[in-house]
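Here's the structure, in structure tokens; my notes come after.
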Amino acid sequence: MAEAQSGYYVPHGSHWPIIGSVGLSSGVIGAAGYLQGMDWGVYVMAIGIAITLYMVFGWFGTVIRESVAGYYNDKVDLSFRWGMIWFIFSEVMFFAAFFGALFYARVLSVPWLSGEDPLTSRYIWDGIMLNWPTAGPGNAALEFEPMGAWPLPTINTLILLTSGLTITIAHHALKAAERVKLVVFMWATVLLGLVFLSFQAYEYYEAYAHLNLTLGTGIYGSTFFMLTGFHGMHVMLGTIMLIVITLRCMAGHFSADNHFGFEAVAWYWHFVDVVWLGLYVFVYII
Amino acid sequence: MRLSKRTVLMVGALAALLGGLVQPAFADYALNMPQGVTDTSRDIYGLHMTILWICVAIGIVVYGAMFYSIVKHRKSRGVQAAQFHHSTALEILWTVVPLVILVAMAIPATGVLVDMEDTSDAEMSVKVTGYQWKWHYEYVDEGVGFYSNLDADSQEARRLGASRKPQSVENYLLNVDNRLVLPTDTKVRLLITSNDVIHAWWVPDLGWKKDAIPGYVNATWTQINEPGVYRGQCAELCGRDHGYMPIVVEAKTPEDFKAWLAEQKGGAANTAGGDAGADAGQQTVGTDTETVEDQSDPAGETTARADTGAQGGGSDSAAGGMTKEALMSQGQQVYSARCVACHQADGQGMPPTFPALTGSAVVTGPVDDHLDMVINGSAGTAMQAFGPQLSDAEIAAVVTYQRNALGNDTGDVVQPSDVQAAR
Amino acid sequence: MTATTHEVGHHDEPTGFTRWLFTTNHKDIGTLYLLFSLTMFFVGGAMAMVIRAELFQPGLQVVDPYFFNQMTTMHALVMIFGAVMPAFVGLANWMIPLMVGGPDMALPRMNNWSFWILPFAFAILLSTLFMPGGAPAGGWTLYPPLVLQMGTAFPFVIFAIHLMGISSIMGAINVIATIFNMRAPTMTLMKMPLFVWTWLITAYLLIAVMPVLAGAVTMLLTDQYFGTSFFNAAGGGDPVMFQHIFWFFGHPEVYIMILPAFGIVSQIIPTFARKPLFGYASMVYATASIAFLSFIVWAHHMFTVGMPLAGELFFMYATMLIAVPTGVKVFNWVATMWRGAMTFETPMLFALAFVVLFTIGGFSGLMLAIAPADFQYHDTYFVVAHFHYVLVTGAVFAIIAGVYYWLPKWTGHMYSEALGKAHFWLSTIFVNVLFFPQHFLGLAGMPRRIPDYAVQFTDWNMISSIGGFGFGLSQLLFLYLIIQSIRGTRNATAQVWEGAKGLEWEVPSPAPHHTFDTPPVVK
């Protein structure tokens, strides 16, 4: 295997991608069927998700085994890094679409509907005045309360910022080969992620149960839930990734100078963190 | 004769292709943008021709150099390839020169654009609302408004496999039952919006198009210089019958326009169709089912009507009750004009987007639910509210028709008074 | 850097069905992409034939208007996402590792997945044709509220687009990683062939905008099923907001489909002019400028929606600016030909036709950039003519040129030059008969996306339809030539073309299953 450690590792033939395609497509076919009220929708979707999860574990398992066996040289490592960086960038652009919708609504469409475009206001919406947060001129009778920045979102901000700190400490511990410190701070990061998620879940419960704030609360409800919801899903994914990586840390998979898997998850966690800061400022505060 | 004309055109097309852009050689409506009848449209025509000639000039230079090279610098002539591969001076030159040309082009374009967006000082306003698939015009503050549908002749000839040929219809697909009448030499502001999906209001002779966005008003303006009839079409895909919602503007002198408007306000017989021009006179409503013979409608009782503001105000004279035969006959006409686009002539629809009426739960169920559907429509679907569009008698007729034809046989007879009660 | 490592025990070439299903080899995956693209080209082409048949004369003869709308919508989706984009990804897969001297794509398993998502996504998309309510009929731009009137197909279409987006993003990530990480050590960035450069920039565009499309269609989905109000004025949203988000994706998407075409043409013209590409550096900078500008011009697709004046002016000026770097490219190609020693094999003929005809599309594009004039051109056949000149005689001609150029390298056999030239002339003549008259139709006032038209538009529509049928049939010759080359007998040399330069011409034809296991040295 001397050659294996120095050359660029090109795997031959993998059945994981095609399994992934079957999983993904049955998942979306099931989801679409479910949305159209078909009986089989949920089951097909569940099967699709199960196949996809099987693929994820199988694929990553293969990669981890190859990595632990030392097949990957620095150049392969670098390919993974390029891949992860641009994957995260594509995620940023996905959020950009929803931030764009938020800015468009706040800066353009809501003011137009409420008098800045006098003709629209006068001839269609009877001169209704709207102030952000609003559910729109067609829902003028709808009473709801917006989600304030205090206390939960602010606490959540502190939680995420702290988790960024703990994962960095863990990273330094990994580099210094201090295993106990690494594992402790990784579990601390996981815990912070879970606390964040529970607070978020409680916030949603509050919104639906007491504030009358739902997905159907016009453009405010739409942007609020879609932005925080997609962010929450990413936190959930990030937390799962953190748990896996922590278990791998405990299994001794990483060395001080070779731990791309760890770094990829850390990058992802920081990305989730930064998106939250954007949310905190634009969704909750301003 | 047609064939020979086509041959000429095909030869012409090939000549156009071979010779590059030789559009001015055919100063024909069918080849170039119309100059139109407003200052705006003429400005735009000017911009269009300027930029076209700039492109032609650049094209001659670039293609000239390229074809010279193709002819002269070919290996078969025994030339040796030069090996130069850049020239900073040349590259700067062909960055800067296009930039200068663009700036020169942007200046007049900016002027026209600023002018087009200035809707101030309009002397009157017309609210234009797009529907699937018709237009509604409302003369703001005048209390006059009406729907404008594709004319009956085109309706007849447009059907898949229709026996009537489009060539036999005057202004096929470009004619309506009720024209938008506007005064000349008057700055008219148009407030364009939509009731369902996005449409676009476009009459080429006026020089612009503007999207009709549901929930928003787009203001624009026009000032027509010459009396006449100007035709256009919806220009934004709006569903199945996007190709069948034309726009016809009739420009009258301010005096004639005043007279026309006064007549509308008088509300004579509540029909705007009568004076919509000679070609709207005899209306025949066609169907492609052979069981029903064509019904002529000499009374000029067109499918559109002027609503004089108050909803349902213009009730037809038949409030006292109509016979089932009369209802079925009128109902069939209304159905052919308003319903077949989606629900099809045989009532089978195109499920699930356009449900079938044959055996439908709504049509064969309680009359009140059926009336509610027709009058108020169904939100989020293509089924619009026909309450404001049709008279009590028309709704009564079409509901009666649907319940007793198209494979349905409920035996119900719905009277205009029932409709009035259901409104 | 030393040799490449291959998985132990599998060093020989795999065979059979699983070879294609499980492959991680960039050449196999490239082939799969290209064959998929060719299939979709004919599927989308068949839909175009339905459209042109219905438009042959006024009145309805062939299909219902609702089905006609399904055809225009599906034709666009299939051609854009199924034919043009996968063709370029296929060419990237085959050629980028060869051109930069790398052993394979950087992430070979993910490469397989990028491809194998596509057949599933298109199976879902095409199956909507048979669903109650039919395929999407609201135009490929999916504008709400119209798109929300779609039948059963709605969520299937949305998810199919999500899958296509995932595939494109993974493909783009792979291209970037390959270009940055798999180059031979002596292959510096500014020595890279232009095709590689244009693909690098295209990959960035893909990563930046495909997620935005995913976001936009997700909002459609939640508006339809979960009560959100993004595109509903009553809830404070705006249908036009969708158009802004969509075209923020859509305009870079246009360049995703044309920048690799620029790259292909920039490879072919120097080869057959036997002369280096003129202004290599300015070509790179022009490509980057076009990519940058593509992010700030989106609203020129929607001048008529009623934007504020300042917005209209900004987007008009920004759009006009694109003419500058595009012009630089055209001038550079002409300067490359100048004083060369040209021969005119089929790839060169298609490349030359590309330069001429794409430029016509560029001219009409410049005309469309003038906002006031666009108020007349918008949503007419003038626009249809414009984007078919840039996409058919632009992107598709470049792909065809690239296929003829590299086919001998892929198959090891030459195609018939005489038939290739016949294919060129038939295609070029018919494509102009097809699309040039559409300029006239648009200027004369014929809106796009209508199944039936006023009688005065008859003649040009007939001519256009004849051109369409001719162009469609001519492509069968292309299919024949590809098959001929695969099964052929006349072996190609390694260099194939007399003037060809670059690493891909230093490996034998056909290119062996594994190339550049040891990095080559670039002169």
Side-chain angles (χ1 to χ4, degrees), chain A residues 3-4 6-18 20-22 24-25 28-29 31-32 35-36 59 71 75 78-80 82-83 86-87 89-91 93-94 96-98 100-101 104-105 108-110 112-113 124 130 134-139 214-216 218-222 226, chain C residues 1-7 10 14 18 21-24 103-104 106-110 112-113 116-117 120-121 124 152 155-156 159 162-163 169 172-173 176-177 180-182 207-212 214-216 219 222 225-230 232-238 241 244-245 248:
Chain A
E3 195 191 51
S6 55
Y8 194 95
Y9 179 78
V10 178
H12 279 224
S14 172
H15 55 281
W16 295 118
I18 190 75
S21 295
V22 172
L24 271 188
S25 49
V28 299
I29 289 170
L35 288 173
Q36 290 293 25
W59 190 329
Y71 288 8
K75 215 165 171 166
L78 197 55
S79 286
F80 286 149
W82 281 114
W86 293 110
F87 167 67
F89 178 69
S90 77
E91 291 266 47
M93 291 309 291
F94 181 75
F98 291 91
Y104 185 93
L108 299 173
S109 70
V110 169
W112 283 340
L113 288 166
I124 300 191
L130 305 170
T134 175
N139 300 325
T214 69
L215 266 175
I219 190 70
Y220 175 71
S222 308
M226 292 298 277
Chain C
M1 202 55 54
T2 55
T4 303
T5 312
H6 294 281
E7 198 170 333
H10 292 270
T18 52
L21 214 54
F22 298 160
T23 181
T24 49
D104 204 306
L107 302 159
R109 286 195 188 99
M110 195 172 83
N112 173 303
W113 204 23
W116 275 109
I117 284 179
F120 289 89
I124 294 173
T152 310
F156 293 91
F159 287 135
H162 274 130
L163 291 183
I169 291 167
I173 288 174
I176 292 176
F180 279 128
N181 202 27
M182 305 299 277
I207 292 182
V209 302
M210 292 309 294
V212 176
M219 290 181 227
T222 59
Y225 294 108
F226 301 105
T228 58
S229 302
F230 289 106
N232 177 4
D238 186 351
M241 188 210 305
H244 281 287
I245 301 173
F248 182 83

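Here is how names work: the chains are called A, B, and so on, in the same order as the sequence lines, proteins then strands, and each is numbered from 1.
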message = Assess the residue pair Y104(A) and I245(C) against the criterion (side chain to side chain contact (heavy atoms under 4.5 Å, CB included)); give the C-alpha distance rounded to whole Å, side-chain angles, the decisive distance to 0.1 Å, and a yes or no.
response = CA-CA 10 Å; Y104(A) 185 93; I245(C) 301 173; over 6 Å; no
query = Checking side chain to side chain contact (heavy atoms under 4.5 Å, CB included) for the pair F80(A)/L107(C): CA distance, chi angles, key distance, verdict?
reply = CA-CA 8 Å; F80(A) 286 149; L107(C) 302 159; 3.6 Å; yes
task = Mind running side chain to side chain contact (heavy atoms under 4.5 Å, CB included) on M241(C) and I219(A) for me, showing each step along the way?
result = CA-CA 12 Å; M241(C) 188 210 305; I219(A) 190 70; 4.1 Å; yes
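For I124(C), the part sitting under 4.5 Å from any heavy atom of chain A is the side chain, from C-beta outward, and nothing else. Within the 4.5 angstrom heavy-atom criterion, no atom of L130(A) approaches chain C. Heavy atoms closer than 4.5 Å to chain C are found in both the backbone and the side chain of F98(A). Both the backbone and the side chain of I117(C) come within contact range of chain A, each with at least one heavy atom under 4.5 Å from a heavy atom of that chain. Looking at T222(C), only its side chain comes within 4.5 Å of chain A, counting heavy atoms on both sides. With a 4.5 angstrom heavy-atom cutoff, H244(C) touches chain A only via side-chain atoms. Looking at F156(C), the atoms closer than 4.5 Å to chain A (heavy atoms on both sides) sit in the backbone and in the side chain alike. Only the side chain of D104(C) comes within less than 4.5 Å of a heavy atom of chain A; its backbone N, CA, C and O stay farther away.
The six-membered or imidazole ring of W16(A) lies away from that of W113(C), with a centre-to-centre distance of 6.0 Å or more.
The shortest non-hydrogen separation linking A177(C) to W82(A) is CB-CB, 3.8 Å. For the residue pair S229(C) and S222(A), the shortest heavy atom distance occurs at N-OG, 2.8 Å. Residue S79(A) comes nearest to N181(C) through the heavy atom pair OG-ND2, 2.7 Å, listed as atom of the first residue, atom of the second, then distance. Across all non-hydrogen atoms, the minimal contact from P17(A) to N112(C) is CB-OD1, 3.0 Å. For the pair M110(C) and W59(A), the tightest heavy-atom approach, listed with the atom from each and the gap, is N-CZ2, 3.8 Å.
Across A101(A), G100(A), A31(A), the residue that shares the most heavy-atom pairs under 4.5 angstrom with chain C is A101(A). For the set T23(C), L21(C), V209(C), the entry with the most heavy-atom pairs within less than 4.5 Å of chain A is L21(C). Heavy-atom pairs under 4.5 Å with chain C were tallied for G216(A), A105(A), S109(A); the largest tally goes to S109(A). Highest contact tally toward chain C, considering only A97(A), G218(A), A32(A), is held by A32(A) [criterion: heavy-atom pairs under 4.5 Å]. Interface summary for chain A: among W116(C), F226(C), F180(C), the most heavy-atom pairs under 4.5 angstrom belong to F180(C). Considering only heavy-atom pairs separated by less than 4.5 Å from chain A, the leading option among L163(C), T228(C), N232(C) is T228(C). The residue among A208(C), P108(C), A172(C) with the most heavy atom pairs within less than 4.5 Å of chain A is A208(C). Across V110(A), L113(A), T134(A), L108(A), the residue that shares the most heavy-atom pairs under 4.5 angstrom with chain C is L113(A).
F120(C) is linked by a ring pair (Phe, Tyr, Trp, His ring centres under 6.0 Å) to nothing, counting only residues two or more places apart in sequence or in another chain. F248(C) meets the ring pair (Phe, Tyr, Trp, His ring centres under 6.0 Å) test with F295(C), W298(C); sequence neighbours excluded.
S14(A) places no side-chain N or O within donor-acceptor distance of the main-chain N or O of F22(C), the cut-off being under 3.5 Å.
Using a 4.5 Å heavy-atom threshold, the side chains of F87(A) and I207(C) count as separate. Side chains of L78(A) and M182(C) form no contact here, defined as non-hydrogen atoms less than 4.5 Å apart. Side chains of I169(C) and F89(A) form no contact here, defined as non-hydrogen atoms less than 4.5 Å apart. Side chains of Q36(A) and P155(C) form a contact here, defined as non-hydrogen atoms less than 4.5 Å apart.
Taken to the nearest 0.5 Å, the CH2 atom of W86(A) stands 5.5 Å off from the CD1 atom of I176(C).
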